[in-house]
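Comments concern the structure below.
Values reported hereafter were calculated over all heavy atoms of this structure, with side chains retained and with hydrogens, waters and symmetry mates removed. Starting from 1, each residue takes its place in the sequence as its number. The structure presented is a predicted model; accordingly, all values stated were derived computationally and were not measured.
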Amino acid sequence: MDLAKKVLTSIVIATLLRTSLGAIYSVGDAAGWTTMGFDYEKWALTKTFHIGDILEFHYNKEFHDVMQVSLKEFKLCNVTSEIASYHSGFDSITLDTTGHHYYICSFPGHCKAGQKVDFFVADGGSPSPSDAPSRSRSPSIIAHDYSSPLSLSCSIVVLGLCSLIAVFAY
């Protein structure tokens, strides 16, 4: 196989791998995970989340944390029995199941001030679970957030690895 075919094969493989890896979302975009008046519900409603997508929470760990909670705890801003807790200040969470995933900050008053978010992971159908908080979801064509530097660097690494595989496999 000549070099042109190897390069073309590498690009096709990299493209397929990149689309199967899922999107990387920085929660709150440039604002990060904070109590400074960011509307996380509005932000989440502009995205379409899928299994394999990665949520990145960026925050000052002296003032914030991330707790995954049930719907009941989410509505009440209750942190007595979290599903999972994160405290690093740079937490990456892979969405691995469909349905709603609820996250709050457990620091006093933060959740009630709006530092909470509900991610709905689509399974190809429209979201309509009966136990979900009532809210509408506008359709979104955003499948991948390529604005993240990590997303770009992952794409470059995948492309490089695929190129090496194609060159040495033939």
Side-chain angles (χ1 to χ4, degrees), residues 18-155 157-158:
R18 177 62 191 123
T19 57
S20 67
L21 290 175
I24 300 172
Y25 294 98
S26 180
V27 177
D29 295 327
W33 185 237
T34 181
T35 54
M36 304 307 267
F38 191 86
D39 187 342
Y40 293 100
E41 182 168 345
K42 182 178 177 182
W43 178 86
L45 287 172
T46 67
K47 313 288 186 237
T48 302
F49 300 101
H50 300 281
I51 291 177
D53 286 352
I54 298 170
L55 308 173
E56 292 181 343
F57 288 85
H58 305 271
Y59 56 93
N60 182 333
K61 65 182 181 177
E62 300 296 319
F63 303 107
H64 306 286
D65 61 14
V66 179
M67 298 285 179
Q68 184 178 10
V69 296
S70 69
L71 171 62
K72 180 180 176 183
E73 292 168 322
F74 181 80
K75 287 180 175 181
L76 298 173
C77 288
N78 184 352
V79 293
T80 57
S81 59
E82 75 274 356
I83 296 168
S85 61
Y86 306 90
H87 307 279
S88 74
F90 184 83
D91 303 311
S92 293
I93 302 167
T94 301
L95 297 170
D96 57 3
T97 60
T98 59
H100 290 270
H101 299 260
Y102 305 100
Y103 295 90
I104 65 174
C105 179
S106 72
F107 278 64
H110 290 199
C111 178
K112 289 194 185 290
Q115 194 175 5
K116 65 185 198 172
V117 63
D118 167 10
F119 299 104
F120 181 79
V121 179
D123 63 354
S126 59
S128 60
S130 60
D131 65 343
S134 61
R135 66 183 206 189
S136 62
R137 277 196 181 270
S138 58
S140 173
I141 59 169
I142 301 171
H144 298 284
D145 180 3
Y146 294 108
S147 62
S148 164
L150 182 58
S151 179
L152 177 60
S153 62
C154 286
S155 297
V157 168
V158 168

Query raised in the report: If you measure from CZ on Phe90 to OG on Ser26, what distance do you get to the nearest 0.5 Å?
Result: 8.0 Å
Query raised in the report: Who are the side chain to side chain contact (heavy atoms under 4.5 Å, CB included) partners of Glu73, not counting sequence neighbours?
Result: Val69, Ser70, Asn78, Thr80, Ser81
Query raised in the report: Which heavy atom in Phe49 sits nearest to a heavy atom in Lys47, and how many Å separate them?
Result: CZ-CB, 3.4 Å
Query - Ala113: partners by side chain to side chain contact (heavy atoms under 4.5 Å, CB included), with sequence neighbours left out - result: none
Query raised in the report: Considering all heavy atoms of both residues, which atom of His64 and which atom of Tyr59 are nearest to each other, and what is their separation?
Result: O-CE1, 3.2 Å
Query raised in the report: Does Asp29 use its side chain to pair, donor to acceptor, with the backbone of Ala31 at less than 3.5 Å?
Result: no
Query raised in the report: Between Gln115 and Met36, is a side-chain contact (heavy atoms from CB on, under 4.5 Å) present by the stated rule, with each step listed?
Result: CA-CA 9 Å; Gln115 194 175 5; Met36 304 307 267; over 6 Å; no
Requested in this report: Check the pair Trp43, Phe38 against side-chain contact (heavy atoms from CB on, under 4.5 Å), reporting the backbone distance first and the verdict last.
Outcome: CA-CA 9 Å; Trp43 178 86; Phe38 191 86; 3.6 Å; yes
Query raised in the report: When rounded to the nearest 0.5 angstrom, what distance separates OG in Ser88 from NE2 in His58?
Result: 9.5 Å
Query raised in the report: Which heavy atom in Thr98 sits nearest to a heavy atom in Ala122, and how many Å separate them?
Result: CG2-O, 4.0 Å
Report summary line: Across all chains, not counting sequence neighbours, the side-chain hydrogen bond (donor to acceptor under 3.5 Å, both in side chains) partners of Thr94 are none
Query raised in the report: So, for Lys61 and Phe107, which heavy atoms are closest and what is the spacing to 0.1 Å?
Result: O-CZ, 4.2 Å
Report task. Measure the shortest side-chain to side-chain distance between Val121 and Thr97 over non-hydrogen atoms and say whether it is less than 4.5 angstrom. Result -> no
Query raised in the report: Roughly how far, to the nearest 0.5 Å, is CG of Leu45 from CZ of Phe119?
Result: 11.0 Å
Query raised in the report: In Å, rounded to the nearest 0.5 Å, how long is the span from OG of Ser106 to CG of Asp65?
Result: 3.0 Å
Report task. Output yes when a side-chain donor or acceptor of Tyr40 lies under 3.5 Å from a complementary backbone atom of Asp118, and no otherwise. Result -> no
Report summary line: Test side-chain contact (heavy atoms from CB on, under 4.5 Å), reference Leu55, set Leu95, Asp91, Val66, output is Leu95
**Report entry** Exam field: side chain Lys116 to backbone Phe74, donor-acceptor pair closer than 3.5 Å
**Finding:** yes
Query raised in the report: Which pair of heavy atoms, one from Tyr102 and one from Leu71, lies closest together, and at what distance?
Result: OH-CD1, 3.5 Å
Query raised in the report: Closest heavy-atom contact between Asp53 and Gly22?
Result: OD1-CA, 3.4 Å
Report task. Using side chain to side chain contact (heavy atoms under 4.5 Å, CB included) as the criterion, list what pairs up with Asp96, not counting sequence neighbours. Result -> none
Query raised in the report: How many angstroms lie between atom NZ of Lys112 and atom CD1 of Ile104, to the nearest 0.5 angstrom?
Result: 9.5 Å
Requested in this report: Find out if the SG atoms belonging to Cys111 and Cys105 lie under 2.5 Å from one another.
Outcome: no
**Report entry** Residues in ring-ring contact (aromatic ring centres under 6.0 Å, His included) contact with Phe63, at least two apart in sequence or another chain
**Finding:** none
Query - Non-neighbouring partners of Tyr103 that pass side-chain hydrogen bond (donor to acceptor under 3.5 Å, both in side chains), sequence neighbours left out - result: none
